[in-house]
Amino acid sequence: MLRLLTSRCGRGPGSRVVTWRPSVGLFCPGRPGIRQGSDASDAPSQPIPSSESLLQPVGVCSMMRLPLQSSAEGLDAAFIGVPLDTGTSNRPGARFGPRRIREESVVLGAVNPSTGALPFQSLRVADLGNVNVNLYNLRDSCRLIREAYQNIVATGCIPLTLGGDHTITYPILQAVAKEYGPVGLVHVGAHTNTTDRALEEKVYHRTPFRRSVEEGLLDCKRVSQIGIRGSARTLDPYRYSRSQGFRVVLAEDCWMKSLVPLMAEIRQQMGGKPLYISFGIDALDPAYAPGTGTPEIAGLTPSQALEIIRGCQGLNVVGCDLVEVSPPYDLSGNTALLAANLLFEMLCALPKVTTA
């Protein structure tokens, strides 16, 4: 179901988990979330890279150098890659997003001084590798993604997804809604992704939320779309979203201001029911995130992105994704670095994460 990144390290009999050894930067057999040589406790302690390990250009490249695991069993949250860009309408390359995001994530620390979040002292977290998608058949890829995520969410594990184009959110929402019922949605992106079809195809990266509405996957009164902008073929390209009860926040309504007050309103809108966060990197201005398939000028800033994600802290978040990173269009790696940081912020915003 999931293709794991491989390493030369062996595993113990019956063990599915590999943990990180700070001294050498390689993986070795052990229990999930327990540092080798330390006493186990009731708290889910997580093996975290040391400053020395960050200087080691060796070992398997997992998200934040986390343990690799073949199953979500026993995990509270997990990073999963979905290397798919078959649904892209403009510039391809998002299939390489998960790999580059993982590469840039190795410099991230274990705690969030700004929010006080201590995710690895609160949760058991691992990297589950990539979903095996079918790059030659988009609908079959959606089936494979849906089945993989059904198995993940059935364990109670919260998935944090490295995309991949925005098509992947549709089958993920199918799996999440099967477990939790219709969910609220905080969608951050340049486009509403509520198009009906293109070239007679009803599944691609501009249609996931239209299909999700049709299938009853979303609690439409608890949907907010933030950062929407760009030219269109009609003067009211947001009509469908608003007709379904979505809150549409245009990028120009966010210019030159803090989004903390907006997120206070959205928190009230979402309440305590299940919530999914879908973040298209094209929400950000291409000055900050040029490596994306369909960039639009005059977007959000990285600080506003942090305000949005941190504004979801404490809500009943049951899944997140970060999509539309296309590394070939940003050789500097800055777009992927930004994506890795935003995924870490999503991890910090999950339920049960304690703060100092």
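Only this structure's heavy atoms are used, side chains among them; waters, hydrogens and symmetry mates stay out. Just so you know, these numbers come straight off a predicted model, no measurement behind them.
Nearest heavy-atom pair, S62 versus L68, reported as atom, atom and distance to 0.1 Å: CB-CD2, 3.6 Å. When all heavy atoms of G87 and D165 are compared, the closest pair comes out as N-OD2, 3.0 Å. Taking all atoms of both residues into account, the shortest heavy-atom contact from L75 to A126 is CD1-CB, 3.8 Å. Here the closest heavy-atom approach between residue P286 and residue P295 is recorded as CB-CB, 4.1 Å. A pairwise comparison of heavy atoms in L173 and S212 identifies CD1-OG, 3.5 Å as the closest pair. Of all non-hydrogen atoms in V186 and C312, the two that sit nearest each other are CG2-SG, 4.3 Å.
Formation of a donor-acceptor pair under 3.5 Å by the S141 side chain with backbone atoms of N134 is found in this model. Side chain of R229 to backbone of L250: no donor-acceptor contact under 3.5 angstrom is found. Judged purely by atom type and a 3.5 angstrom limit, S326 has no side-chain atom pairing as donor or acceptor with the backbone of T292. A donor-acceptor pair is defined here as one N or O able to donate and one able to accept, closer than 3.5 Å; no such pair exists between the side chain of R91 and the backbone of G291. In this structure a side-chain-to-backbone donor-acceptor pair under 3.5 Å is missing from D330 to P290. Side-chain atoms of Q269 come within 3.5 Å of backbone atoms of K221 as a donor-acceptor pair (strictly under, hydrogens ignored). Formation of a donor-acceptor pair under 3.5 Å by the D282 side chain with backbone atoms of A190 is found in this model. At least one donor-acceptor pair closer than 3.5 Å links the side chain of R222 to the backbone N or O of P274. Without hydrogens or angle criteria, D85 side chain to G93 main chain gives a donor-acceptor distance under 3.5 Å.
Under a hydrophobic clustering in which Ile, Leu, Val, Met, Phe, Trp and Tyr are joined whenever their side-chain heavy atoms come within less than 4.5 Å, directly or via other members, F96 and L337 fall into different clusters. Residue L343 is grouped with residue L306 when hydrophobic side chains (ILVMFWY) are merged at heavy-atom distances under 4.5 angstrom, including chains of intermediate members. Cluster annotation: V106 and V111 are assigned to distinct hydrophobic clusters (Ile/Leu/Val/Met/Phe/Trp/Tyr, side-chain heavy-atom contacts under 4.5 Å, transitive). Linking Ile, Leu, Val, Met, Phe, Trp and Tyr whenever their side-chain heavy atoms come within less than 4.5 Å leaves V125 and L118 in two separate clusters. Tracing side-chain contacts under 4.5 Å through hydrophobic residues (I, L, V, M, F, W, Y), one reaches I152 starting from Y180; they form part of the same cluster.
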Evaluation steps, salt bridge (Lys or Arg N to Asp or Glu O under 4.0 Å), between E103 and R99
CA-CA 6 Å; E103 290 175 357; R99 178 186 299 173; 5.4 Å; no
As a quick check of understanding, evaluate side chain to side chain donor-acceptor pair (under 3.5 Å) for T354 and Q121, giving each step before the final call.
CA-CA 8 Å; T354 58; Q121 294 185 24; 5.8 Å; no
L300 vs I308, side chain to side chain contact (heavy atoms under 4.5 Å, CB included): CA-CA, chis, key distance, verdict:
CA-CA 10 Å; L300 305 180; I308 292 170; 3.9 Å; yes
Candidate pair D321 and S278, rule side chain to side chain donor-acceptor pair (under 3.5 Å), full reasoning:
CA-CA 5 Å; D321 64 50; S278 183; 2.8 Å; yes
Please report the C-alpha distance between R95 and L84 in whole Å, then the side-chain angles of each, then the deciding distance to 0.1 Å, and finally whether the side chain to side chain contact (heavy atoms under 4.5 Å, CB included) criterion is met.
CA-CA 4 Å; R95 70 181 65 183; L84 180 74; 6.0 Å; no
Report the C-alpha separation of E345 and R310 in whole Å, then their side-chain angles, then the decisive distance to 0.1 Å, and conclude whether the salt bridge (Lys or Arg N to Asp or Glu O under 4.0 Å) test is met.
CA-CA 7 Å; E345 292 284 342; R310 291 173 182 178; 2.9 Å; yes
Give the C-alpha distance, both sets of side-chain angles, the deciding distance and a yes or no for salt bridge (Lys or Arg N to Asp or Glu O under 4.0 Å) between R206 and D196.
CA-CA 8 Å; R206 288 290 186 89; D196 186 25; over 6 Å; no
Report the C-alpha distance between R102 and D127 in whole Å, list the side-chain angles of each, state the deciding distance to 0.1 Å, and finish with yes or no for salt bridge (Lys or Arg N to Asp or Glu O under 4.0 Å).
CA-CA 10 Å; R102 285 184 172 107; D127 188 327; 2.8 Å; yes
Pair F246, T192 - check side chain to side chain contact (heavy atoms under 4.5 Å, CB included), show working.
CA-CA 10 Å; F246 295 5; T192 61; over 6 Å; no
Before you tell me yes or no, could you show the steps for Q174 and R143 under side chain to side chain contact (heavy atoms under 4.5 Å, CB included), namely the whole-Å CA-CA distance, both residues' side-chain angles and the distance that decides it to 0.1 Å?
CA-CA 10 Å; Q174 288 179 315; R143 176 188 64 81; over 6 Å; no
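Taking a 6.0 Å sphere around CD of E252, one finds it holds more than 12 heavy atoms contributed by other residues, nucleotides or ligands. The environment of R197 atom CZ is dense: over 12 non-hydrogen atoms of other residues, nucleotides or ligands sit within 6.0 angstrom. More than 12 heavy atoms of other residues, nucleotides or ligands shown are found within 6.0 angstrom of CG on L135. By the 6.0 Å contact criterion, NZ on K352 is open, its count of non-hydrogen atoms from other residues, nucleotides or ligands being 12 or less.
Checked by atom type, the side-chain pair H166/E324 shows no donor-acceptor distance below 3.5 Å.
When side chains are defined from C-beta on, M270 counts as touching S224, because their heavy atoms get closer than 4.5 Å. Side-chain contact between Y240 and T195: absent, with no pair of heavy atoms (C-beta onward) separated by less than 4.5 Å. The side-chain heavy atoms of Y276 and I172, taken from C-beta on, include a pair separated by under 4.5 Å. You'll find the side chain of V153 stays beyond 4.5 Å of the side chain of V318, heavy atoms only. Q69 places a side-chain heavy atom less than 4.5 Å from the side chain of L128. Between E307 and Q304, the closest side-chain pair of non-hydrogen atoms falls below 4.5 Å. For the pair T115 and T355, the minimum side-chain heavy-atom distance is 4.5 Å or more. Side-chain contact between T207 and Y170 is absent, with no heavy atoms from C-beta onward closer than 4.5 Å.
Within the model, atoms CD of E179 and OG1 of T155 stand 8.5 Å from one another, a figure rounded to the nearest 0.5 Å. If you take CZ on R124 and CG on L66, they are separated by 13.0 Å, rounding to the nearest 0.5 Å. Between atom CD of residue Q150 and atom NZ of residue K178 there is a gap of 4.0 Å, rounded to the nearest 0.5 Å. Distance check, rounded to the nearest 0.5 Å: CG of L347 to CG of L342 gives 12.5 Å. Interatomic distance, CZ of F209 versus OG1 of T169, reported as 5.0 Å (0.5 Å rounding). To the nearest 0.5 angstrom, D236 atom CG is 6.5 Å from R242 atom CZ.
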